[in-house]
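If you're wondering where the values come from, they're calculated on a predicted model, not measured in any experiment.
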Amino acid sequence: MNFTERNIRRTQECVPGFLKVREKIFDDYFHLTWDDIFTHETFATEQSAGRVNFKGPHLDKIKQGYPFCKPGGKPSKELIAFAESIYRK
């Protein structure tokens, strides 16, 4: 298995758990759900200050990918192609 394949496998195994932990923190401390994060004034402030790298279509694709962030989840080919286009050099 090459480095890229190992990285993909690690990401698929770990990121859903990391996301759930962060979601619980947002809920416990701030009473925010996943969807609430993007409409909260803090997010708007961070975005306007340039500390959120994703805007517009990129952010929409992140939101579309959220349901797949669970063990065994796999995004559509469209979402995968979009992500690949972002990081292709």
State which residues pass side chain to side chain donor-acceptor pair (under 3.5 Å) with Glu41; sequence neighbours excluded, sorted by chain then number. none

State, without any angle test, whether Thr4 and Asn7 hold a side-chain donor-acceptor pair at a distance under 3.5 Å. no

According to a hydrophobic-cluster definition based on side-chain heavy atoms being under 4.5 Å apart (Ile, Leu, Val, Met, Phe, Trp, Tyr only), do Val15 and Phe54 belong together? no

Is there a side-chain contact between Leu19 and Tyr66, using heavy atoms and a 4.5 Å cut-off? yes

Which value, rounded to the nearest 0.5 Å, describes the distance between Asn53 atom CG and Gln47 atom CD? 10.0 Å

Could you measure the distance from the NE2 atom of His40 to the OG1 atom of Thr45? Nearest 0.5 Å is fine. 9.0 Å

Return the set of residues passing salt bridge (Lys or Arg N to Asp or Glu O under 4.0 Å) with Lys70 (not counting sequence neighbours), or none when no residue passes. none

Can you give me the closest heavy-atom contact between Phe68 and Leu79, atom names plus distance? CE1-CD1, 3.9 Å

d(Asp36 CG, Asp27 CG) to nearest 0.5 Å is 9.0 Å

Straight-line distance of Phe82 CZ to His58 NE2, nearest 0.5 Å: 4.0 Å

Between Phe43 and Leu59, is any pair of side-chain heavy atoms under 4.5 Å apart? yes

I need the Cys69 SG to Gln12 CD distance, nearest 0.5 Å. 10.5 Å

Is it the case that over 12 heavy atoms from other parts of the model lie below 6.0 angstrom from the CZ atom of Phe26? no

Under a 4.5 Å cut-off applied to non-hydrogen side-chain atoms, are Ile80 and Lys74 in contact? yes

Please round to the nearest 0.5 Å and tell me the distance separating atom CZ of Phe38 and atom CD1 of Ile62. 7.0 Å

